[in-house]
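Here the structure comes first, spelled out in structure tokens, and everything after it is commentary.
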Amino acid sequence: MVKNVVIVGGGTAGWMSATYLRAAFGDRVGITLVESARIPTIGVGEATFSTIRHFFGYLGLAESEWMPECNATYKLAIRFENWRRPGHHFYHPFERLQRANGFSLADWWLQIGGARRLDEECFITTALCEAQRSPRHLDGTLYGIGAGGGDLGAGTDPGRSTLTEQDTQFPYAYHFDAAMLARYLTRIGVEQGVRHVTDDVVGVGRDDRGWITHVTTREHGEVAGDLFIDCSGFRALLINKTLGEEFDSFADVLPNDRAVALRVPSDIDTVGIRPYTTATAMDAGWIWRIPLYGRDGLGYVYAGEYCSEEEAERTLRDFVGPAAAGLAANHVRIRVGRNRRSWVANCVAIGLSSGFVEPLESTGIFFIQNGIEQLVKHFPRYGPADRNDGDDGLRAAYNGQVGRCMDGVREFLTLHYRGASRADTPYWKAAKERGDAELAERMRVWAEMLPGEENIWPHYHGFEPYSWIAMLIGLGRVQPPPRPALALLDATEAGQKFAALQTQAKRLVGELPGHREYLARLH
Ligand code: FDA
């Protein structure tokens, strides 16, 4: 059996992998994490996806314990600004659509709604975002939403992790300070017995088959293991530099290859805390605003082909206003795409070394979580000493799942640009041509009917039909007519559900505490 795992890299990917494996296998598998004190972590990656609760649940960490340590806040949705036209906004919430007479409320919105935006009429979360509400009451209980929900205790098993998102819809994710999270998980990991080596990996030892036997560090000698997890970020030290795995770029459909970020202090007593991430469309990309407890993370993600570094930084500083004065900007180059295989021989790449789309929809950490959960499910039998290649099936299954997940997100994000009404700059004009034949065909179908189970990306990638619907309609370039069947059905139930949803939204806005108020107590 594989007894010793060596993780190279101590960013979010490295420490999430170390702590998750420790929680899964206890001391039956030894874990060593080697991280360089010289090479910094990427320093961004602060908004998450709703499945992240499974990660903290699995580690047995309560919100009251970890959130204050990481200046964390709740994220109920992403607010998209100016993707259709200046001044327009809409939300993509973590909320499933209710159904009436076998059709989603979004279908019914096309038939009998439409007085207000889809996200206002079909989702409760929109009202909570606008009113900056907490998703929890002051006693800690979670608000109930129409289409499922439910709280999770600690100790979720890996079989009920990300993939069971399909059974339960959880109404929020988190924003957190990436550096504080890495420090917090370092402490948890070390307390639980992860061996932490602070050193540079300067060499990689391989046997005659090419399997990794050890990494060589500058000051701590050789660190041997059975399985190596490459969490070295965009450097991809093991998977690409050592093993030479092919990297397939997504630049043809997702051209944003740079970002510039600022950490901006925020006076939460006067401005409150938004319970959502904001994504504002700009001339050559978009700007994120991620509200943390006491500061906002802002960054302009853009395509170098259309915008220089200086112009991007100036745009971001203008966007932030006087609060940006004197703040240091972090410029980042983004490698967009994925390895053809994330698991090669006895090396599994997790995090940026494995693949990355771009920050839109916050899927980097989701990919990490999926990668580790799948690794536990497909954990190998053999290390290099066994001289046995019998894990080929496990590797192939792992690589298939991880690859299809990233490809699905690639397509979902391509829709964001292609489906946006905005077409006023060369960047936005070019976006209308991007995407492969499959997406073009799906968009042709969506011009006649809303996305549904039967016509979205067919493999698990985190986003359900409601997300595709919220984006397609919100972005505005394609708007299908109602399905013909609806004109032949009784609309009474749908009308009642629309009315009940508005009543519930109004009641919750009145009952739930403010986001800042709830977090002030928690912190
Ligand atoms: P990271 O680069 O952070 O860490 C690499 C580690 O490897 C470091 O500890 C380094 O020291 C170590 N290392 C490298 N070479 C070494 C060597 N030779 N020896 C020893 N150690 C070595 N995701 C998300 O979910 N939500 C979001 O909002 C965003 N936003 C975002 C914005 C932008 C601009 C980018 C580029 C990315 C995001 N992401 C994101 C992705 C997210 O940032 C990313 O998935 C996580 O931070 C994980 O990063 P890694 O740990 O993979 O690499």
Side-chain angles (χ1 to χ4, degrees), residues 6-18 32-52 55 75 78 173-179 181-183 185-186 196-204 215-220 223 229-242 256-262 277-279 285-292 297-302 312 316 330-336 342 349-372 406 409 462:
V6 176
I7 298 172
V8 175
T12 309
W15 281 109
M16 280 181 72
S17 300
T32 303
L33 185 145
V34 188
E35 75 174 299
S36 165
R38 209 173 39 84
I39 303 168
T41 59
I42 191 98
V44 284
E46 310 200 308
T48 58
F49 192 70
S50 66
T51 53
I52 187 72
F55 174 79
K75 171 184 172 187
I78 302 176
Y174 307 104
H175 306 116
F176 48 61
D177 182 306
L181 181 78
R183 277 199 296 277
L185 290 181
T186 304
H196 184 195
V197 179
T198 307
D199 205 343
D200 293 345
V201 169
V202 290
V204 182
V215 292
T216 307
T217 60
R218 206 181 291 280
E219 290 166 7
H220 293 75
V223 180
I229 306 188
D230 185 348
C231 295
S232 62
F234 286 137
R235 283 182 170 74
L237 192 66
L238 306 182
I239 192 85
N240 298 127
K241 291 225 171 75
T242 305
N256 291 349
D257 55 359
R258 285 150 208 242
V260 51
L262 288 172
T277 304
T278 305
W286 60 280
I287 287 181
W288 78 75
R289 180 189 286 268
I290 297 177
L292 305 181
L298 283 105
Y300 185 13
V301 193
Y302 62 99
L316 180 64
N330 175 17
H331 286 270
V332 180
R333 293 278 172 112
I334 308 176
R335 184 176 78 146
V336 184
S342 282
I350 292 182
L352 298 174
S353 59
S354 156
F356 185 57
V357 280
E358 63 141 294
L360 196 57
E361 295 286 352
S362 324
T363 53
I365 294 166
F366 165 73
F367 288 153
I368 294 172
Q369 190 184 348
N370 185 51
I372 331 167
M406 285 191 232
V409 172

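All heavy atoms count here, side chains included; hydrogens, waters and symmetry mates do not. Just follow the structure's listing: the first ligand is 1, and inside any ligand the first atom is 1.
Of the protein's non-hydrogen atoms, I368 CD1, 3.6 Å is the one closest to atom 48 (C) of ligand 1. Closest protein heavy atom to atom 25 (O) of ligand 1: I365 N, 2.7 Å. Looking at atom 42 (C) of ligand 1, its nearest protein heavy atom turns out to be G45 CA, 3.9 Å. Atom 2 (O) of ligand 1 has its closest protein heavy atom at I42 N, 3.4 Å. Among all protein heavy atoms, the one lying closest to atom 26 (N) of ligand 1 is A47 O, 2.6 Å. If you check which protein heavy atom lies closest to atom 12 (C) of ligand 1, you get G9 CA, 3.6 Å. Looking from atom 17 (C) of ligand 1 to the surrounding protein, the closest heavy atom is V201 N, 3.8 Å. The closest protein non-hydrogen atom to atom 15 (N) of ligand 1 is I39 CD1, 3.5 Å.
Ligand 1 places these atoms under 4.0 Å from at least one heavy atom of A13: 48 (C), 50 (P), 51 (O), 52 (O). For ligand 1, the atoms sitting less than 4.0 Å from at least one non-hydrogen atom of S362 are 25 (O), 26 (N), numbered in the order shown with element in parentheses. Here is the list of ligand 1 atoms found below 4.0 Å of a heavy atom in D199: 20 (C). Residue contact check: C231 has heavy atoms under 4.0 Å from atoms 5 (C), 6 (C), 7 (O) of ligand 1. Those atoms of ligand 1 that come under 4.0 Å of a heavy atom in D200, given as number and element, are 19 (N). Every atom of ligand 1 with a heavy atom of G351 under 4.0 Å away is listed here by number and element: 52 (O). With ligand atoms numbered from 1 in the order given, ligand 1 contributes 35 (C), 36 (C), 37 (C), 38 (C), 39 (N), 41 (C) to contacts under 4.0 Å with heavy atoms of F356. Residue contact check: E46 has heavy atoms under 4.0 Å from atoms 27 (C), 28 (O) of ligand 1.
On a distance-only criterion, F234 and ligand 1 share no N/O pair closer than 3.5 Å. Looking at I334 next to ligand 1, no N or O pair under 3.5 Å apart turns up. Polar contact with ligand 1: absent for I350 (N/O pair, distance under 3.5 Å). Annotation: G10 places an N or O atom under 3.5 Å from an N or O atom of ligand 1; distance criterion only. Geometrically, ligand 1 and G14 share no nitrogen or oxygen pair separated by less than 3.5 Å. Residue-to-ligand polar distances keep A259 apart from ligand 1: every N/O pair is separated by 3.5 Å or more. By the 3.5 Å distance cut-off applied to N or O atoms, S36 is counted among the residues near ligand 1. The shortest N/O to N/O separation between V44 and ligand 1 falls below 3.5 Å.
In this structure, the side chains of D200 and E219 stay at 4.5 Å or more apart for every pair of heavy atoms. V332 places none of its side-chain heavy atoms less than 4.5 Å from the side chain of V260. V6 places none of its side-chain heavy atoms less than 4.5 Å from the side chain of L33. By the 4.5 Å heavy-atom criterion applied to side chains, V357 and F367 are counted as neighbours. Between L238 and V204, the closest side-chain pair of non-hydrogen atoms falls below 4.5 Å. Proximity of L298 to L316: side-chain heavy atoms (C-beta onward) are separated by under 4.5 Å at one or more points.
The aromatic rings of W15 and H196 stand perpendicular to each other, their planes meeting at an angle above 60°, with 30° marking the opposite boundary.
Ligand 1 does not have F367 within reach: every non-hydrogen atom of the residue lies 4.0 Å or more from it. In this structure, L237 is part of the shell of residues with a heavy atom less than 4.0 angstrom from ligand 1.
Ring centroids of F176 and Y174 are separated by 6.0 Å or more, keeping the two rings apart.
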Inset, instruction - Start with the C-alpha gap between R235 and I39, add the side-chain angles, then the distance that decides, and say whether side-chain contact (heavy atoms from CB on, under 4.5 Å) holds. - result: CA-CA 10 Å; R235 283 182 170 74; I39 303 168; 3.0 Å; yes
Legend entry - E46 and H175: CA distance, side-chain angles, deciding distance, side-chain contact (heavy atoms from CB on, under 4.5 Å) verdict: CA-CA 5 Å; E46 310 200 308; H175 306 116; 5.6 Å; no
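Side-chain contact, S50 with K75: no donor N or O sits under 3.5 Å from an acceptor N or O.
The two residues S353 and D230 come nearest to each other via the heavy atoms OG-O, 2.6 Å. Nearest heavy atoms, A349 versus S354: O-CB, 3.2 Å. The two atoms that bring S362 and I78 nearest to each other are OG-CD1, 4.5 Å, heavy atoms only. Closest non-hydrogen pair, S232 versus L237, comes out as OG-N, 2.8 Å.
Using a cutoff of 4.0 Å between basic side-chain nitrogens and carboxylate oxygens, R333 and D257 are not scored as salt-bridged.
With a heavy-atom cut-off of 4.0 Å, T48 does not touch ligand 1 at all.
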